[in-house]
Structure formats: structure tokens, C-alpha cells
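Comments concern the structure below.
For clarity, every value in this text was computed on a predicted model and none was experimentally measured. Letters A, B, ... mirror the listed sequences (proteins, then strands); counts begin at 1.
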Number of protein chains: 2
Amino acid sequence: MTPAPAKKPAERPYHHGDLRRAVLTAALDVIAADGPSRLSLRDLARRAGVSHAAPAHHFKDRTGLLTAIAAEGFGLLAAELAEAEDLKDAGVHYVRFAREHPAHFQVMFTPELLRADDLELTTARALAGDALRGAVASVRPDELGIDPRLAGVAAWSLAHGFATLLLGRNLDDPIGNQDPEDVFRTLAAMLFRRDA
Amino acid sequence: MTPAPAKKPAERPYHHGDLRRAVLTAALDVIAADGPSRLSLRDLARRAGVSHAAPAHHFKDRTGLLTAIAAEGFGLLAAELAEAEDLKDAGVHYVRFAREHPAHFQVMFTPELLRADDLELTTARALAGDALRGAVASVRPDELGIDPRLAGVAAWSLAHGFATLLLGRNLDDPIGNQDPEDVFRTLAAMLFRRDA
DNA sequence: CTCCCAACTTGTCAACGACTAGATTCCGCG
DNA sequence: CGCGGAATCTAGTCGTTGACAAGTTGGGAG
């Protein structure tokens, strides 16, 4: 039997074709523009040209939609971190991810919007966690001189804080129009410089 | 006809007394427990024992309430930072503030929930910004060896990221049951250790 | 071809934010 | 003391939303 990948061959008959993806994409637009609070399932349905209850069939409810977005985000983050060459570079990729997927990033770290026990979410998050720990392990222990677990927390905190403040437009003044990734490289160098 | 028999010592008079403070406090409870998204003006009114439209008189609308909370938060943060002795200590106080006022902290850095041009908010934020810059200025330039503005960004990013991840319960595994402030002191030491 | 089931629709309900008009109480000022 | 304006709170309403229930459509497996 053909697996029937079910791409979208039709315009918009009774069946939308790929409503799930359409709703996800529209949701990401709304969140990036106005935040998760202004997200409305009915609005997404309108944008997709379907009835007001159609999205619920794919995501159960609002929380389900946001959980799906977070899970997708952790998958994308894991892929991004996998490309990093060392811990400092992982931070750069972390910041890049936040800037390229601001909606995902925002939802991923707003736990009260998510179904914490969702399987897809927890596995995707674990994947991203593995990627981070892998980056930490790539540093020779004598290079940082402290518990590698704390080094991971330090790197994560610095990257997460920088990314969060950046997305919240809190760093516009201090860093002006410099490339954020370059600025972050400087910060990371402060954290991981070897003692002479 | 005398009104209904008084059930409790303080049967609700027509005027609440300090509804503004009561609504603020209740809102902080709700936000700390369930996040700003589950905040409902009508629910707060019920908790305070007033009609569903009463809170709007003090805060105009939902955004007004959240803006008032953020402004109060920046004031509290400025006071907390003013007690710091140096930049590293300012970070410790920043983390302490986030733990002691999680609801304020969350709202302060969720700009899409706030009225950005609100006067009280902008002045309070400026106050906190001054406090942070003051802490940065307390460091002798040769001690960090880089642009002091970037040092401020680094310190803020580290403290903000650590606090954010902490409140989101993302660091439960890595730091176990250690005192978060102690952990942060270690991280800050990484950032600001002098070369050689 | 038939039947099953996922995708989608229509209808409904309670809750909410926002707005309006009106009632009650407080307080400054004469 | 009392008067009048203003602050505070109530009551009613409207449009929107999330969630749910029940019915409809159509594609595809057998």
C-alpha cells in the first residue's frame, strides 16, 4: 500500500489539505507579532478559511496548539545546537535560533502555556538537552576549571538571558546596531577565557 | 428594611477601602501560580468581593493592571539593586528579586502585555536601569578589560538568564537542591575573574 | 461498491473584556 | 452643619472567545 503522504493536491475543497501546518504557521506569525496571549483559535481558523472549530480537531485545544509549537521548537533547537563546534559556538547557535524562531522560543519557555506531560514535548526537550550537554562535554575539563554541570548552567544562562533580553528589545540601547551574534561572542569569551 | 444581617465582622461596605491594593495582591497571587495568561479581572473582582467592573476603575483595563504591576516591579528591583555592593553582588540581588517577586519579574519582561508608553512604567524602568548602570560603574575598568557597556550586558544576561531558567524550573536537574544564590555566585565568578 | 473513519461544519454555552449609565459614599468648602 | 462635586462601586449589555456536542462530507481500504 502506498503510505499516502497526503501532500496538498487540491485548492480548498471540503478538506483543507494541510490544515495542521497552515494553523501552525499562522500561529507562529501571530505569536511573533503580538505574543502568545493574543493568539485565538478562531482567528487562526478564519485565516485558514475553515470553520471556527476545525483547528481543535488537530490540536485538541489552545494548550495543545502551543504544546505542539514548543515541541517543534525544541526539535529545531536540537538541530541547531548539533551544528555547533564547541560550547561557545553552541551559545552563538542558541542566540541565532532565538532570533530566527522568536515565536517558538517564546512559547518553549513559557511553561504555564504548555501541557507539561505531553510526550512529543518531553522527548523533543530531552533531545535539545542532550545536544546542550554534548556541547558542554566537548570542552576539556581543565579549560573551565569547574564542575562541567555548572559550566553548562553558566553557558545556558548567558545565552538564554542574552536571547531573552534581545527579543524583549531590552538591549537596543546598550548594543546599538552591532550584530547580536558578534556581541554574544564577546560575552562568551568573558565567560570561558582561560586563566593565564 | 435593615440590610441583610451582618454575617462577618466586616460586612462589605459600599467602598472597599483599598481595592487597588487588594486587586494588585490578588493578581500577583494568580500570576505567580498560573501565569499572566490565566489572569481575569472578573476573577479578581470576585476575590475582592466587589462587582465585576470595579477593578477597571483603578486600572482602566487588563493591560493597565499588568502595566501597574510591571511599574511596581521595576521600583522594587531598583531598590533591591541599590543595596548591592558591586556588580557581582548586583547579580545576586537580581536573582533574589526574581525569586521573591516571581509575578512581578514575569510581567516586567513580557512587553506585549504592557502599555509601553505608560509614564509610571517608563520612569520606574529608567530607575532600575540607572541602578544597574551604577553597579557596572562600581567596577574598576581594568578589572574587566572590556567596554563597560558590554560588561553590563554580560552581567545582566547572565543574571537574567539564570533567573528566568530558574523560575521556569529548567535548572532543577542541573543544580539540584543547592541554594540558587550560591550557584549564581559561582557563575558570576566565572564571568568576572581577573586574568592571571 | 460499501462502509469506516478522519476531517470538517454547525450550533451552543459559559466566561471574559470592555463599555455605559446610574447608584452610593466621601470630602472639601462655605 | 450641609451642600455639591468627585471618587468609588454596581448593574446591565455587547461582541468575542474556548470548549464541547452532534451532525456532515468525502477519501480510501477491503
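For A:H101, the ring-ring contact (aromatic ring centres under 6.0 Å, His included) partners two or more places apart in sequence, or in a different chain, are A:F97, A:H104. Judged as a side-chain hydrogen bond (donor to acceptor under 3.5 Å, both in side chains), and not counting sequence neighbours, A:R62 has no contacts. The side-chain hydrogen bond (donor to acceptor under 3.5 Å, both in side chains) check on A:Q178 picks up nothing, with sequence neighbours excluded. In this structure B:E80 satisfies the side-chain hydrogen bond (donor to acceptor under 3.5 Å, both in side chains) test with no other residue, sequence neighbours excluded. For B:D130, the side-chain hydrogen bond (donor to acceptor under 3.5 Å, both in side chains) partners at least two apart in sequence or on another chain are B:R133. With sequence neighbours left out, the ring-ring contact (aromatic ring centres under 6.0 Å, His included) criterion links A:F162 to A:F184. Not a single ring-ring contact (aromatic ring centres under 6.0 Å, His included) links B:F59 to another residue, sequence neighbours left out. Judged as a salt bridge (Lys or Arg N to Asp or Glu O under 4.0 Å), and not counting sequence neighbours, the contacts of A:R46 are A:D43.
Listed by residue number, A:L39, A:S40, A:L41, A:R42 are the residues of residues 32-43 of chain A with a heavy-atom contact under 4.0 Å to DNA chain D. A heavy atom lying under 4.0 Å from DNA chain C marks the following residues of residues 53-61 of chain B, by number: B:A53, B:D61.
Atoms NE2 (B:H52) and C1' (C:dG22) sit 13 Å apart, rounded to a whole Å. Here D:dT16 presents its P atom at 16 Å from CG of A:L44, a figure rounded to the nearest Å. Atom CG in B:D18 sits about 17 Å away from atom P in D:dA7, given to the nearest Å. In this structure, CG of A:L19 is placed 13 Å from C1' of C:dA6, rounded to the nearest angstrom. In this structure, the CZ atom of A:R46 is 14 Å from the P atom of C:dT9, given to the nearest Å.
Applying the 4.0 Å criterion to OP1 and OP2 of C:dC19, one finds that B:R62 has every side-chain N and O outside that range.
For A:E85, the CD atom sits in a loose shell: 12 or fewer heavy atoms of surrounding residues, nucleotides or ligands are nearer than 6.0 Å.
The salt bridge (Lys or Arg N to Asp or Glu O under 4.0 Å) contacts involving residues 178-188 of chain A comprise A:R96-A:E181, A:R99-A:D179, A:E181-A:R185, A:D182-A:R185, where partners must be two or more places apart or lie in separate chains.
At its two ends the helix from C:dC1-D:dG30 to C:dG30-D:dC1 runs along axes set 10° apart, each axis drawn from five pairs and the angle rounded to 10°.
For the pair B:A26 and B:R47, the tightest heavy-atom approach, listed with the atom from each and the gap, is CB-CD, 4.1 Å.
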